[in-house]
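Every heavy atom of this structure was used, including side-chain atoms; hydrogens, water molecules and symmetry mates were not. Not measured: the values here are computed from a predicted model. Index from 1, following the sequence.
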Amino acid sequence: MNEHSVNTDLLIQYLDGELQGEELQSIKNNIEANPALLEELENLRVAREAVSAYGLRKQIQSIHPEMMRELKEKTKPGTGVTRMIFQYSFRVAAVLIILFGISTLYQYYTSTPEKLFSEKFQTFELRELRGSSGNHLEDLYKAGNMGAVITRFNSLSNPLVEDYFLAGNAYLSSHQPKKAIEAFLNLQQINKSSNQHLFEEDAEYYLALAYLDNGQIAQALSIMEKIHADQNHPYNRQVGNWFIIKLKRLSTH
C-alpha cells in the first residue's frame, strides 16, 4: 500500500471520528502542515456529502455481498469464474466513476465564496519574532490572540509592513475581510513607495483570500490566476486547476 492510500485511509477514519489520542493529533498536525492533504480531506468530505445526498452509499455497499452471493449460486465447476469476477469488478468501477462524477458536479455547483475561503485559509505561521519593535504584536499573534493583535495594531501611530501583515491575518481570522483588505493594500503601498518586497508574496495570497471572503470574486480570481500561472510562487501549490475552475464559475454569477 503506497503513502497516498495510507493517507486516504487515515483521512476517512478521521472524518468518521474513528481516530483517537496520538493518531488523531498526528493526522491533525499533518493536515495543518500539508495543503495537499487538506485539499484531499475537503474532497473526501464533499464526496461523502454527495454520496449521502444522492443515495449511492447503499448501492456501493451492496455490490460486494451481491457479487459474492451470485458467484456462489451461479459458479459451477468448469464455468468462467474469472470472467464473472471481471464483470462484477466492472460494475464496481462503473459505480465509482458515477460517484466521482457526481462528487465533482456537487463540488462545482455548490461552491460558494465562504466554502472556497474555508478550504484555503490557514492562519499564517509566524516562525521568527522581529524582536526589536517593542509593540509585542508578534507575541500576541503567535499566542493566537487575534483580538489583542487588532487592538494593539490600532494603537500604533506608525505601523510597519510586518504590522500590517499580521493585522491583515488577524482580521481574516476574525472574519473582518474589509479590514484585512485595507491592511494588505497598505502593506503593498509601503513596499512600493520604499522599493522593498517584505511579505510581498504572502500578502498577495492573503489579499486574494480577503477579497474572496468579502465576495469580491473578480479581484480574488485575478490574483489567484497570477499565482497559479507562476510555478515559482510559494503559494502556487495551493491554487490548483480545480480551485481556479470553481472560482471562475463564481465570478460569472
Side-chain angles (χ1 to χ4, degrees), residues 29 31-39 113 116-240 243-244 247 251:
N29 293 339
I31 291 169
E32 291 177 1
N34 188 336
L37 207 59
L38 175 62
E39 184 171 358
L116 294 187
F117 173 79
S118 297
E119 177 184 324
K120 294 299 178 182
F121 176 68
Q122 284 186 307
T123 306
F124 181 82
E125 183 180 351
L126 188 65
R127 294 179 176 83
E128 296 181 3
L129 299 181
R130 188 168 65 244
S132 60
S133 67
N135 62 42
H136 306 300
L137 205 64
E138 300 91 342
D139 296 306
L140 295 171
Y141 185 90
K142 287 178 74 73
N145 193 343
M146 299 304 173
V149 170
I150 291 171
T151 300
R152 182 62 61 88
F153 171 76
N154 288 327
S155 72
L156 299 177
S157 58
N158 188 28
L160 302 177
V161 166
E162 298 95 323
D163 300 321
Y164 279 114
F165 181 71
L166 297 182
N169 268 272
Y171 281 126
L172 275 182
S173 298
S174 304
H175 305 292
Q176 300 182 60
K178 289 183 179 179
K179 290 287 188 179
I181 292 170
E182 182 181 345
F184 292 128
L185 289 177
N186 281 329
L187 181 158
Q188 291 181 334
Q189 184 58 44
I190 293 174
N191 272 342
K192 183 178 180 180
S193 61
S194 59
N195 194 28
Q196 59 185 4
H197 305 282
L198 296 174
F199 293 96
E200 186 172 279
E201 292 166 321
D202 301 300
E204 188 174 43
Y205 178 72
Y206 282 99
L207 174 60
L209 290 180
Y211 279 133
L212 181 58
D213 195 30
N214 200 45
Q216 295 175 256
I217 310 303
Q219 291 88 335
L221 177 61
S222 176
I223 298 173
M224 289 299 191
E225 284 185 318
K226 176 178 178 292
I227 295 173
H228 178 66
D230 182 3
Q231 294 186 355
N232 294 319
H233 197 287
Y235 291 89
N236 175 267
R237 292 181 61 187
Q238 270 108 315
V239 186
F243 179 78
I244 293 294
L247 198 54
S251 70

Requested in this report: Kindly say whether Leu140 contributes a backbone atom to a donor-acceptor pair with the side chain of Asn145 at under 3.5 angstrom?
Outcome: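 No, because the side chain of Asn145 does not come within donor-acceptor range (under 3.5 Å) of the backbone of Leu140.
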Please report the shortest heavy-atom distance between [X] and [Y], naming the atom on each side.
| X | Y | answer |
| --- | --- | --- |
| Ile244 | Glu225 | CD1-N, 4.0 Å |
| Leu247 | Leu221 | CD2-CA, 3.7 Å |
| Pro177 | Leu172 | CA-CD2, 4.5 Å |
| Ala180 | Gly168 | CB-O, 3.5 Å |
| Gln122 | Ile31 | NE2-O, 3.9 Å |
| Val161 | Asn191 | CG2-OD1, 3.8 Å |

To the closest 0.5 Å, what do you measure between [atom1] ([X]) and [atom2] ([Y])?
| X | Y | atom1 | atom2 | result |
| --- | --- | --- | --- | --- |
| Tyr211 | Met224 | OH | CE | 12.5 Å |
| Leu209 | Tyr235 | CG | OH | 9.0 Å |
| Leu156 | Thr151 | CG | OG1 | 11.0 Å |
| Met146 | Asn169 | CE | CG | 7.0 Å |
| Glu32 | Leu38 | CD | CG | 9.5 Å |

Aromatic ring pairing Phe124/Phe199, orientation class (parallel under 30°, perpendicular over 60°, tilted between)
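Answer is perpendicular, since the angle exceeds 60°.
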Point to revise | salt bridge (charged side-chain N to carboxylate O under 4.0 Å, His left out) contacts touching residues 198-213 (sequence neighbours left out) | key: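 Output for this query lists Glu204-Lys226.
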Under 4.5 Å between any side-chain heavy atoms of [X] and [Y], yes or no?
| X | Y | result |
| --- | --- | --- |
| Val239 | His233 | no |
| Asn214 | Gln219 | no |
| Phe243 | His228 | no |
| Gln216 | Ile181 | yes |

#### Entry: Worked verdict on Phe165 versus Leu198 for side chain to side chain contact (heavy atoms under 4.5 Å, CB included)
CA-CA 9 Å; Phe165 181 71; Leu198 296 174; over 6 Å; no
### Task
Evaluate whether atom NZ of Lys179 has more than 12 neighbouring non-hydrogen atoms of other residues, nucleotides or ligands under 6.0 angstrom away.
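Counting other residues, nucleotides and ligands, NZ of Lys179 stays at 12 neighbours or fewer.
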Without placing hydrogens or testing angles, list every side-chain donor-acceptor pair under 3.5 Å for residues 183-190, not counting sequence neighbours.
| unit_1 | atom_1 | unit_2 | atom_2 | d |
| --- | --- | --- | --- | --- |
| Asn186 | ND2 | Glu182 | O | 3.2 |

Taking ring-ring contact (aromatic ring centres under 6.0 Å, His included) as the definition, give me every residue that meets it alongside Tyr164, ordered by chain and number, with sequence neighbours left out.
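ring-ring contact (aromatic ring centres under 6.0 Å, His included) check on Tyr164 returns Phe153.
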